[in-house]
Chemist: 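My structure is below; once you've seen it, I'll send some questions.
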Amino acid sequence: MASPVFIYSDRFLEHRCPHFHFERPERLVAICQHLQKAFPTAEWREPTPLGEGLTPWLERVHHPAYLEQLTQMAAAGGGWLDADTYLNGQSDRVARLAVQAWLDGVDLAIRRQQPIFVWARPPGHHALRERGMGFCLLANGAIASHYALSLPHITRVAILDWDVHHGNGTQALVQAHPQIAYCSLHEFPAYPYTGEGSDRGCYNNVLNLPMPPGSTGKTYQAAFENHVIPFLQQFCPDLLIISAGYDAHRDDPLSSIQLEDADYCWMMYQCLQITHRIVVGLEGGYNLEALGRSVVATVQATVLDDAALKFPHKGQDIA
């Protein structure tokens, strides 16, 4: 497969809370440092500059009054949408640029027929139509899925969310669309206390897999083999969007799931068996060292030969 492609901008560092916050710019700094060391020949691309063409896609999923609220709050210097979700003076434009980066990822994944990695923040899978929550301002993945369906030859888009928290916003914004499927593996019970297994969407296009606290890579592998892969294969997406949170890592401070670095390599490898047209976009992950290593492991699945990919628990080849 071709060298990895990363979409990133230093502008994403400008969204910053005035006090300590887990969702902080240092997350991207750690990711970039690990990737530059592991993949020195990777292609780094800036997002397309913001333009008026982005607004219709934002309004496809968000109420115009909410978008105006974000703009006005940022212009006034920022504030808190809820106890967890903040803005500063730059946050509105940074969040819009993050959405644009995800849309650029869609364009590139389709054109190049290879995975594209979007290292942007703030994250998005908790953002709802009329409010942000859970560190999220705009629904990056949901907007990207609707955008993808406007492109030639794209009739079905699947979203796989392996963040440790259920993507309540993403599900709410896509479940009524029969051409979009949503699959989430998430710790349960845990914030935002949604995503029960019985919730299957409007067209049986949602697969929620609640994972009990303490679940390990073996638990996730069984879920993939028995549920995730059959669900995605049956839907047969023309494009796969991965909401890639890394807070299910055993070292993360915000969860009780016990994934290891290599589990992300394994999950990404399974996704490549579905399609190579993949957009991987950053969601959570708050232990900086574990985040950087897990991101590298995800990318490694796309560049190593099958023989070099090891089963993360049994020590034998994946293939």
Chemist: If we count only N and O atoms by modelled type, under 3.5 Å, do the side chains of N88 and H15 hold a donor and an acceptor together?
Modeler: no

Chemist: Please check this pair: side chain of N205 against backbone of Q175, looking for a donor-acceptor N/O pair closer than 3.5 Å.
Modeler: yes

Chemist: Using atom types as modelled and distance alone, determine if a side-chain donor or acceptor of R250 lies under 3.5 Å from a backbone N or O of I257.
Modeler: no

Chemist: State, to 0.1 Å, how close F235 and Q179 come at their nearest heavy-atom pair, and which atoms those are.
Modeler: CZ-O, 3.4 Å

Chemist: Could you walk me through whether H125 and D161 pass the side chain to side chain donor-acceptor pair (under 3.5 Å) test, one step at a time?
Modeler: CA-CA 9 Å; H125 73 153; D161 190 335; 2.8 Å; yes

Chemist: Taking the side chain as every heavy atom from C-beta outward, state whether V99 and W57 have any pair of such atoms under 4.5 Å apart.
Modeler: no

Chemist: Does the Q273 side chain pair with the main chain of Y269, one donor and one acceptor, at a distance under 3.5 Å?
Modeler: yes

Chemist: Would you say that more than 12 heavy atoms from the other residues, nucleotides or ligands in this model lie under 6.0 Å from the CZ of R11, or not?
Modeler: yes

Chemist: Nearest 0.5 angstrom please: L173 CG to R129 CZ, how far?
Modeler: 8.5 Å

Chemist: Using distance alone, with no hydrogens and no angle criterion, decide if Y147 and D107 have a side-chain donor and acceptor under 3.5 Å apart.
Modeler: yes

Chemist: Would you say E14's side chain and S91's backbone share a donor-acceptor pair under 3.5 angstrom?
Modeler: no

Chemist: Using a 3.5 Å distance criterion without hydrogens, assess whether the side chain of N140 forms a donor-acceptor pair with backbone atoms of P122.
Modeler: yes

Chemist: Taking atom types as modelled, find out whether T194 and H166 have a side-chain donor-acceptor pair closer than 3.5 angstrom.
Modeler: yes

Chemist: How many angstroms lie between atom CD1 of I241 and atom SG of C271, to the nearest 0.5 angstrom?
Modeler: 12.5 Å

Chemist: Report yes or no: does W162 contribute a side-chain atom to a donor-acceptor pair with the main-chain N or O of L185 at less than 3.5 Å?
Modeler: no

Chemist: Applying side chain to side chain donor-acceptor pair (under 3.5 Å) to D247 and H165, what does each step give before you reach the verdict?
Modeler: CA-CA 8 Å; D247 38 8; H165 303 103; 3.3 Å; yes

Chemist: Please indicate whether R93 has more than 12 foreign heavy atoms, meaning atoms of other residues, nucleotides or ligands, lying under 6.0 Å from its CZ.
Modeler: no

Chemist: Nearest heavy-atom pair of A101 and A120: which atoms, and what distance?
Modeler: CB-CB, 4.4 Å

Chemist: Where is the tightest heavy-atom contact between I242 and W102, given as atom of each residue plus distance?
Modeler: O-CH2, 4.3 Å

Chemist: Do you reckon Y286 sits in the same ILVMFWY cluster as L282, going by side-chain contacts under 4.5 Å, direct or chained?
Modeler: no

Chemist: Between R16 and E26, does at least one N-O distance fall below 4.0 Å, as a salt bridge requires?
Modeler: yes

Chemist: Indicate the atoms forming the closest heavy-atom contact of A127 with L138, along with that distance.
Modeler: CB-C, 3.7 Å

Chemist: Under 4.0 Å between a side-chain nitrogen and a carboxylate oxygen: does that hold for D92 and R96?
Modeler: yes

Chemist: F231, F188: one ILVMFWY side-chain cluster at the under-4.5 Å cut-off?
Modeler: no

Chemist: Tell me, do L259 and Y220 make a side-chain contact under 4.5 Å, heavy atoms counted?
Modeler: yes

Chemist: Any side-chain to backbone donor/acceptor pair from S145 onto A142? Under 3.5 Å, distance only.
Modeler: yes

Chemist: Sub-3.5 Å donor-acceptor pair from the side chain of Y182 to the main-chain atoms of G167, do we have one?
Modeler: yes

Chemist: For the CD atom on E196, are there more than 12 heavy atoms of other groups (residues, nucleotides or ligands in this structure) within a distance under 6.0 Å?
Modeler: no

Chemist: Give a yes or no answer on whether the side chain of D238 reaches the backbone of T155 with a donor-acceptor pair at less than 3.5 Å.
Modeler: yes

Chemist: Determine whether I116 and V280 make a side-chain contact, defined as any pair of heavy atoms from C-beta on separated by less than 4.5 Å.
Modeler: no

Chemist: Going from CG on L160 to CE on M268, what distance comes out if it is rounded to the nearest 0.5 angstrom?
Modeler: 10.0 Å

Chemist: Is it true that Q258 and T216 share a donor-acceptor pair across their side chains at a distance under 3.5 Å?
Modeler: no

Chemist: I'd like to know if R112 pairs up with E43 as an ion pair, taking the criterion as any Lys NZ or Arg NE/NH1/NH2 lying under 4.0 Å from an Asp or Glu carboxylate oxygen.
Modeler: yes

Chemist: What about L239 and Y203, same hydrophobic cluster or not, with Ile/Leu/Val/Met/Phe/Trp/Tyr joined at side-chain heavy-atom distances under 4.5 Å?
Modeler: no

Chemist: Under 3.5 Å, is there a donor-acceptor pair between the D82 and T85 side chains?
Modeler: yes

Chemist: Please report whether the ring centroid of F117 lies less than 6.0 Å from that of W119.
Modeler: yes

Chemist: What verdict does the side-chain contact (heavy atoms from CB on, under 4.5 Å) test give for L81 and Q69, after you've listed the backbone C-alpha separation in whole Å, the side-chain angles of each residue and the deciding distance to 0.1 Å?
Modeler: CA-CA 10 Å; L81 291 177; Q69 177 191 6; 3.8 Å; yes

Chemist: Could you check, using the six-membered ring where one of them is a Trp, whether H21 and F135 have ring centers closer than 6.0 angstrom?
Modeler: yes

Chemist: Verify the distance criterion only: is there a donor paired with an acceptor across the side chains of D84 and Y86 at less than 3.5 Å?
Modeler: no

Chemist: Would you tell me whether D261 and H249 have side-chain atoms, one donor and one acceptor, within less than 3.5 Å of each other?
Modeler: yes

Chemist: If you compare all heavy atoms of L97 against all heavy atoms of P47, which two are closest, and at what distance to 0.1 Å?
Modeler: CD1-CB, 3.9 Å

Chemist: I'd like to know if the side chain of Q72 pairs up with that of E68 as donor and acceptor (distance under 3.5 Å, no hydrogens or angles considered).
Modeler: yes

Chemist: Do the side chain of D104 and the main chain of T48 share a donor and acceptor less than 3.5 angstrom apart?
Modeler: yes

Chemist: On a heavy-atom basis, which atom in A144 and which in L103 lie closest, and how many Å separate them?
Modeler: CA-CD2, 3.6 Å

